[in-house]
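Excluded from the calculations below are hydrogen atoms, water molecules and symmetry mates; all remaining heavy atoms, backbone and side chain alike, are included.
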Amino acid sequence: MLNEERSFSSLEEVTKLLIAAEGKTFRELDETGRGDSVGNKGSLGNIIEESVLHYPVNSDAEADILVGNTRYELKVTPLKHSGKGKRMKTVAKERLVLDIINYEDLPGEKFEDSRFWNKSKNIIMVYYYDDREDKRAQSRLDCKVLKAVVLHYDENDLATIRNDWETIHEKVVSGHADQLSESDTNYLAACTKGANASSMRDAPAPAGSGKARIRAKQRAFSFKSSFMTSIAERALVSRIEEYSLPIPSNQTLSEFLRQQMSPYIGRNVDDIVLRLGISKSDSKASKSRLVMKMVGAEGRSVDTIEQFRKANVTKLKTVVLYPDGLPKESMSFRQITEEEWRGLASFDAKWEDSFLYEYFEENKFFIVPFESPVPYSQHVAGNDRLVGGFLWNMPEKDIEQYVRPVWERLHELMLSGGSVHYGRGTNLLPGASFNGVCHLRPKGQNSDDVVRLPNGESITKQCFWLDRHYVAKLIRENQKVNGRIEGHNGRKFAEKRQHR
């Protein structure tokens with residue numbers, strides 16, 4: 001039971017205190033000196049609790065405060081400015097961590113009475129901007145409180161959060177907590193949480209495995225930074241102009257995509273173009289335009305569509321499979337920036353905090369395969385047949401088995417300070433034969449499009465690629481799910497939705 005110090009008569013009483021803090025730095029607000037004595041990020045939340053709302057810091061499992069008869073969780077979370085000039089926008093700086101997942105208790109819970117929902121259904125958000133460029137020289141205490149708002153879930157967001165919780169719940173119940181990944185879900189994620197990613201907890205083992213428990217990384221329920229950005233835009237009335245797919249509240253993003261694309265599966269490009277009434281083109285980009293027209297978002301990219309952006313679906317990838325079952329090329333992803341190369345040379349760099357782990361752990365991709373009836377040498381784009389489409393994220397075990405060794409090799413090379421011998425036949429960077437799945441290859445506009453390494457060498461800008469055999473394999477695995485569009489990461493965990 002919450003004590004009187006943490007009880008308030010109304011939301012107005014709480015908001016009045018928080019409004020008084022707006023525009024002030026945490027240093028100005030800090031009445032106890034806690035900020036100077038505690039180096040962790042949580043000290044900002046402690047300052048709001050002790051010096052603004054005037055109740056003692058606690059570590060209870062219950063929500064932070066009682067307003068009337070309703071419990072509220074208090075969350076202090078940073079925003080930042082992204083872009084420049086007219087393109088500058090406000091984005092969430094990080095995910096919002098909500099509650100540690102207890103793998104052993106979770107199987108017995110239902111969403112409505114779950115520990116997660118009891119702590120998360122009523123949240124008071126306290127926003128601040130953190131645009132510091134030099135975090136060692138600039139203290140977080142000098143950031144200013146921007147605004148406090150009560151988080152409201154709209155009907156569609158709540159339906160997606162419920163489905164995400166059920167996806168995580170199902171994976172734990174089935175004995176696969178060790179295969180959880182942030183990109184399994186859309187808005188609510190299971191993020192790693194602990195001193196490091198080696199922090200482990202007991203979890204149920206798969207049925208028939210002969211053991212009662214497995215060990216899985218400690219994870220917490222969290223709202224993805226992409227979803228938190230949309231929440232901040234709504235709260236600050238700074239929502240950018242974006243398109244929203246007309247998805248009913250009882251339908252998931254995957255179900256909607258399946259419904260929109262199903263009439264065209266098995267038809268060739270020329271037939272689909274005719275049925276959709278759009279102009280023909282043999283360029284690769286035309287297939288992307290075709291897909292967006294099918295799903296009802298003609299002329300748009302995935303990053304301008306609300307539901308894709310909230311779910312961190314960051315790329316649409318169209319793939320043509322030839323009669324041998326393989327695409328002609330491996331699949332490219334993003335380039336490594338000069339700042340990221342410098343980070344690889346740091347002795348303090350850790351895999352669990354790396355840009356590469358974050359990229360594959362948090363992002364989803366909309367993959368749409370086509371099949372060509374003839375080999376590449378005879379290929380005619382208009383004859384390619386639509387196979388389907390699916391939302392895909394790399395399985396956690398594949399991230400560890402194939403992506404981590406690439407990062408470790410790059411980290412080792414950058415730490416050594418020696419030459420990477422960039423050039424034909426002598427390149428020390430992990431290439432296509434490194435592990436058969438993840439590798440680096442150049443992807444600059446031309447040979448003059450270079451990046452400077454920490455050792456002073458300049459090389460053509462490098463991009464991460466997934467091998468074409470791996471791409472063909474993940475497409476085959478998704479075709480096994482009856483050709484359906486599914487949020488899928490190498491194992492079948494069917495989406496469950498309560499139709500209300």
Side-chain angles (χ1 to χ4, degrees), residues 11 14-15 18 63 67 70-75 77 79 89-99 110-114 116-127 146-169 182-190 221-257 259-260 295-297 300 302-314 364 391 487 495-500:
L11 268 180
V14 178
T15 54
L18 293 173
V67 180
T70 305
R71 297 179 186 273
Y72 282 83
E73 188 79 2
L74 182 72
K75 291 292 184 182
T77 187
L79 304 172
K89 59 183 180 180
T90 293
V91 299
K93 189 166 186 177
E94 59 193 26
R95 66 176 69 87
L96 183 70
V97 177
L98 300 162
D99 194 33
K110 301 294 183 183
F111 177 79
E112 289 77 8
D113 59 5
S114 66
F116 155 75
W117 187 236
N118 283 333
K119 289 199 72 172
S120 306
K121 60 184 172 184
N122 298 304
I123 297 178
I124 298 173
M125 309 281 294
V126 179
Y127 288 114
L146 175 65
K147 187 176 183 179
V149 298
V150 178
L151 176 59
H152 293 288
Y153 303 99
D154 67 31
E155 185 180 14
N156 288 319
D157 287 351
L158 181 55
T160 300
I161 290 166
R162 178 194 297 271
N163 188 74
D164 289 342
W165 184 90
E166 289 171 349
T167 297
I168 295 167
H169 180 267
E182 287 194 55
S183 49
D184 288 340
T185 48
N186 294 313
Y187 301 171
L188 178 68
F221 285 112
S222 65
F223 287 142
K224 296 185 178 186
S225 58
S226 51
F227 178 61
M228 291 308 300
T229 293
S230 73
I231 293 295
E233 289 169 350
R234 185 188 308 163
L236 303 175
V237 196
S238 62
R239 181 176 292 276
I240 61 172
E241 197 68 32
E242 64 182 359
Y243 179 74
S244 181
L245 296 170
I247 304 177
S249 61
N250 65 349
Q251 195 174 47
T252 66
L253 175 58
S254 288
E255 290 167 348
F256 175 81
L257 296 174
Q259 173 185 289
Q260 293 297 106
V295 302
R300 302 179 185 275
V302 293
D303 60 348
T304 63
I305 296 173
E306 180 184 9
Q307 292 89 346
F308 282 129
R309 194 164 68 91
K310 286 180 179 178
N312 229 28
V313 180
T314 53
K364 280 185 168 185
L391 300 179
E495 294 177 319
K496 292 187 176 183
R497 164 74 71 197
Q498 292 185 4
H499 293 267
R500 293 170 298 283

Tell me, with the steps shown, if Met228 and Met125 meet side-chain contact (heavy atoms from CB on, under 4.5 Å). CA-CA 11 Å; Met228 291 308 300; Met125 309 281 294; 3.1 Å; yes
Got a donor-acceptor contact below 3.5 angstrom from the Asn118 side chain to the Ser114 backbone? yes
Shortest non-hydrogen contact between Gly296 and Tyr243, atoms and distance: O-OH, 2.9 Å
Can you find a heavy atom in the side chain of Val67 that is under 4.5 Å from one in the side chain of Val14? yes
Could you list the residues that satisfy ring pair (Phe, Tyr, Trp, His ring centres under 6.0 Å) with Tyr187, not counting sequence neighbours? Phe227
Rounded to the nearest 0.5 angstrom, the CZ-CG distance for Arg234 and Leu236 is 11.5 Å
Can you measure from CD1 (Ile305) to CG (Leu253) and round to the nearest 0.5 angstrom? 9.5 Å
Ignoring hydrogens and geometry, is there a side-chain-to-backbone donor-acceptor pair from Thr304 to Arg300 under 3.5 Å? no
Of the non-hydrogen atoms in Ala232 and Leu79, which two are nearest, and what is the gap between them? CB-CD2, 3.7 Å
Measuring from Ile123:CD1 to Leu74:CG, what's the distance to the nearest 0.5 Å? 10.0 Å
Heavy atoms of Ser254 and Leu391 approach each other most closely as OG-CD1, 3.5 Å
Sidechain N-carboxylate O distance under 4.0 Å for Arg309, Glu233: yes
Spell out, as yes or no, whether a donor-acceptor pair under 3.5 Å connects the side chain of Gln260 to the backbone of Leu257. no
Any donor-acceptor pair under 3.5 Å linking the side chain of Asn122 with the backbone of Tyr72? no
Without hydrogens or angle criteria, can the side chains of Lys364 and Asn186 be said to hold a donor-acceptor pair below 3.5 Å? yes
Sequence neighbours left out, what passes salt bridge (Lys or Arg N to Asp or Glu O under 4.0 Å) with Lys121? Give chain and number order. none
Kindly say whether Leu245 contributes a backbone atom to a donor-acceptor pair with the side chain of Glu306 at under 3.5 angstrom? no
Between CD1 of Ile161 and OG1 of Thr185, what distance do you get to the nearest 0.5 Å? 10.5 Å
If we count only N and O atoms by modelled type, under 3.5 Å, do the side chains of Ser249 and Glu155 hold a donor and an acceptor together? yes
Derivation of the side-chain contact (heavy atoms from CB on, under 4.5 Å) call for Ile231 and Leu151: CA-CA 8 Å; Ile231 293 295; Leu151 176 59; 3.4 Å; yes
Minimum heavy-atom separation for Gln251 and Ile247, please, with both atom names. O-CG2, 3.3 Å
Stepwise, does the side-chain contact (heavy atoms from CB on, under 4.5 Å) test hold for Asp164 with Phe221? CA-CA 10 Å; Asp164 289 342; Phe221 285 112; over 6 Å; no
Taking side chain as C-beta onward, heavy atoms only, is Thr15 less than 4.5 Å from Ile124? no
Give a yes or no answer on whether the side chain of Lys93 reaches the backbone of Thr77 with a donor-acceptor pair at less than 3.5 Å. no
Is any NZ, NE, NH1 or NH2 atom of the basic residue among Lys310 and Asp157 found under 4.0 Å from an Asp or Glu carboxylate oxygen of the other? yes
With ring centroids as reference points, do Trp165 and Phe223 lie under 6.0 angstrom apart? no
Scanning both residues in full, the closest heavy-atom pair of Ile168 with Ala189 reads CD1-C, 4.0 Å
Heavy-atom side-chain contact between Glu112 and Arg162 under 4.5 Å: yes
How many angstroms lie between atom CZ of Phe308 and atom OG of Ser244, to the nearest 0.5 angstrom? 11.0 Å
Cationic N near anionic O, under 4.0 Å, Glu182 to Arg95: yes
Given Leu96 and Ser222, is the side-chain contact (heavy atoms from CB on, under 4.5 Å) satisfied, shown in steps? CA-CA 5 Å; Leu96 183 70; Ser222 65; 5.9 Å; no
Quick one: pull up CG in Leu188 and CH2 in Trp117 and give me the separation to the nearest 0.5 Å. 10.0 Å
